[in-house]
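Contents: one structure, followed by commentary.
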Amino acid sequence: MIKDFEYLTPKTLKEALTLLDKYKDEGKVIAGGQSLLILMRQGLVAPPYLIDIKGLSELSYIKEAKEGLKIGALTTHRAIEKSPVIKKKFSVLAEMEERLASIQTRNWGTIGGNICHADPAGDPIPVLIVLNATLTTAGLKGERKIAVEDFCRDYFETALEPGELLTEIFVPPSPPRTGAAYTKFNVIESDLATVGVAVSVTLGAGDGVCQDIRIALGASAPTPMRAKKAEAVLKGKKVTDNLLKEAGEVASTEAEPISDIYASEEYRRELVKVLVARVAKEASARAKSA
Ligand SMILES: Cc1cc2nc3c(=O)[nH]c(=O)nc-3n(C[C@H](O)[C@H](O)[C@H](O)COP(=O)(O)OP(=O)(O)OC[C@H]3O[C@@H](n4cnc5c(N)ncnc54)[C@H](O)[C@@H]3O)c2cc1C
């Protein structure tokens, strides 16, 4: 059963930040409630004050600027999935969203809520890591920028300070000849990943050599993680099937998966091995035709 709470509905970001500052540890932000309400029903979280920010339209937008893509924290998954500019220029984000939860959840859940929930099995963070995205947080003292890669500190824990909100996700334009891909293995369609893998590859002009690569794993450690040793296998070399296989093997050793009701640690390592090779191959193919 959900414990009683006082429900607060700020009308502006400033008002929301003032309420967060006022209630400190007793106040909890709710956006779409798709994750938070589950925790509240399970009695794992029982905030005396619930600060509903879903109505802050100033944090719901998708803007393409010369310097990159800006997504407001309250933008829904569905809006990202359907955005023409994202489909055209950051298609891996739209593809990831298509496989996140059900349409109902995507219609109401927000990208910011997903990131702040920091579920190691969530889909968006690994993709945003390979896209080299940056987050903006806001508090009464001002704004901070945090690389998505550094945002998750531990299992369901983030770098957000008390009194801070996530306000924006910034994705820089990809360099030329860059391709990105994402997939997840899950037993139940539209459920969280048993293992998720995102890869971005940048190839050299003409020579097909991998100039840069970012590999991010979901559901493979307490937080979404970069597989840097696997990246090193491919960086600076021509991408071949043998090297892709080796990168998958290395990623499976640097992952730190657990056993749970969905899969054993060993099974997850096997998934990492297979999926890293497969997704890196797809990202390389996309880079060739980018
Ligand atoms: C049936 C079901 C299936 C799902 N499947 C998937 C899936 O396949 N893949 C996947 O990735 N996710 C999945 N999810 C999770 C869900 O889609 C996301 O976690 C959801 O989008 C969270 O967004 P929200 O707006 O509902 O956040 P809320 O539940 O409102 O908030 C989540 C957390 O973030 C905090 N928060 C929210 N917004 C902000 C902000 N702007 N600044 C600071 N803190 C904030 C809240 O205080 C809370 O701690 C699933 C959920 C359900 C219910």
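Ligands are counted one by one from 1 in listed order, and the atoms in each one are counted from 1 as well.
Of the charged side-chain nitrogens involved, none lies within less than 4.0 Å of a carboxylate oxygen, so that Lys141 and Glu161 do not count as a salt-bridged pair. A salt bridge links Lys281 to Asp241: one of the charged nitrogens lies within less than 4.0 Å of a carboxylate oxygen. For Arg78 and Glu81, the salt-bridge test passes: some basic side-chain N is under 4.0 Å from an acidic carboxylate O. Checked for salt-bridge contact, Asp260 and Arg268 meet the test: a charged N lies under 4.0 Å from a carboxylate O. Between Lys88 and Glu64 there is no salt bridge, since no side-chain nitrogen of the basic residue lies less than 4.0 Å from a carboxylate oxygen of the acidic one. A salt bridge is absent between Arg99 and Asp123: the closest approach of a Lys/Arg side-chain nitrogen to an acidic carboxylate oxygen does not fall below 4.0 angstrom. Contact check on Arg286 versus Glu95 returns a salt bridge, with a Lys/Arg side-chain nitrogen under 4.0 Å from an Asp/Glu carboxylate oxygen.
The line from CD of Glu266 to OG of Ser259 is 5.5 Å long, rounded to the nearest 0.5 Å.
Contact between Ala121 and ligand 1 is absent, with no heavy atom of the residue lying under 4.0 Å from the ligand. At least one heavy atom of Ile53 lies less than 4.0 angstrom from ligand 1.
Contact annotation for Asp191 and ligand 1: only backbone heavy atoms (N, CA, C, O) come within less than 4.0 Å of the ligand. At a heavy-atom cutoff of 4.0 Å, ligand 1 is contacted by the side chain of His77 but not by its backbone. Residue Lys28 touches ligand 1 through its side chain alone, judged by heavy-atom distances below 4.0 Å. When non-hydrogen atoms are compared, ligand 1 lies under 4.0 Å from the backbone of Leu166 as well as from its side chain. At a heavy-atom cutoff of 4.0 Å, ligand 1 is contacted by the side chain of Lys184 but not by its backbone.
In terms of protein heavy-atom proximity, atom 24 (P) of ligand 1 is nearest to Gly32 N, 3.4 Å. For atom 32 (C) of ligand 1, the closest heavy atom belonging to the protein is Gly113 O, 3.5 Å. At the shortest separation from atom 2 (C) of ligand 1 among protein heavy atoms lies Thr105 OG1, 4.1 Å. In terms of protein heavy-atom proximity, atom 46 (C) of ligand 1 is nearest to Val29 O, 3.1 Å. Nearest protein neighbour of atom 31 (O) of ligand 1, counting heavy atoms only, is Leu36 CB, 4.0 Å. When hydrogens are left out, the protein atom nearest atom 13 (C) of ligand 1 is Leu192 CD2, 3.7 Å; that is the closest non-hydrogen contact. Given atom 53 (C) of ligand 1, the protein heavy atom at minimum distance is Gln34 O, 3.5 Å.
Counting heavy atoms from C-beta outward, Leu244 and Val239 have side chains that approach closer than 4.5 Å. Counting heavy atoms from C-beta outward, Glu256 and Leu217 have side chains that stay 4.5 Å or more apart.
Annotation: Asp25, atom CG; neighbour count of heavy atoms from other residues, nucleotides and ligands within 6.0 Å does not exceed 12. Annotation: Phe156, atom CZ; neighbour count of heavy atoms from other residues, nucleotides and ligands within 6.0 Å is above 12. The neighbour count for Lys245 NZ, taken as heavy atoms of other residues, nucleotides or ligands under 6.0 Å away, does not exceed 12.
Hydrophobic clustering (side-chain heavy atoms under 4.5 Å, transitive across Ile, Leu, Val, Met, Phe, Trp, Tyr) groups Val272 together with Leu275. Side-chain heavy atoms closer than 4.5 Å link hydrophobic residues (I, L, V, M, F, W, Y) into clusters, and following such links, possibly through other members, connects Leu69 to Met96.
Close contacts of ligand 1 with Pro124, meaning ligand atoms under 4.0 Å from a residue heavy atom, involve 11 (O). Close contacts between ligand 1 and Ile30 involve ligand atoms 30 (O) [criterion: under 4.0 Å to a heavy atom]. Interface atoms of ligand 1 facing Leu160, defined by a heavy-atom separation under 4.0 Å, are 43 (C), 44 (N). Counting atoms of ligand 1 from 1 in the listed order, those under 4.0 Å from a heavy atom of Ala31 are 25 (O), 30 (O), 37 (C), 38 (N). Listed by atom number, the atoms of ligand 1 under 4.0 Å from Gly122 heavy atoms are 11 (O).
Closest heavy-atom approach to atom 44 (N) of ligand 1 within the set Gly196, Cys116, Gly33, Ser190: this belongs to Cys116. Distances from atom 9 (N) of ligand 1 to the heavy atoms of Leu56, Asp123, Leu135 show the closest one on Asp123. If you check each of Gly72, Gly27, Ser35 against atom 18 (C) of ligand 1, the one with the closest non-hydrogen atom is Ser35. Of the candidates Ala101, Ala138, Pro47, Pro126, Ala101 brings a heavy atom nearest to atom 4 (C) of ligand 1.
Between Leu100 and ligand 1, not a single N/O pair is under 3.5 Å apart. Below 3.5 Å of separation, one finds an N or O of Thr110 facing an N or O of ligand 1.
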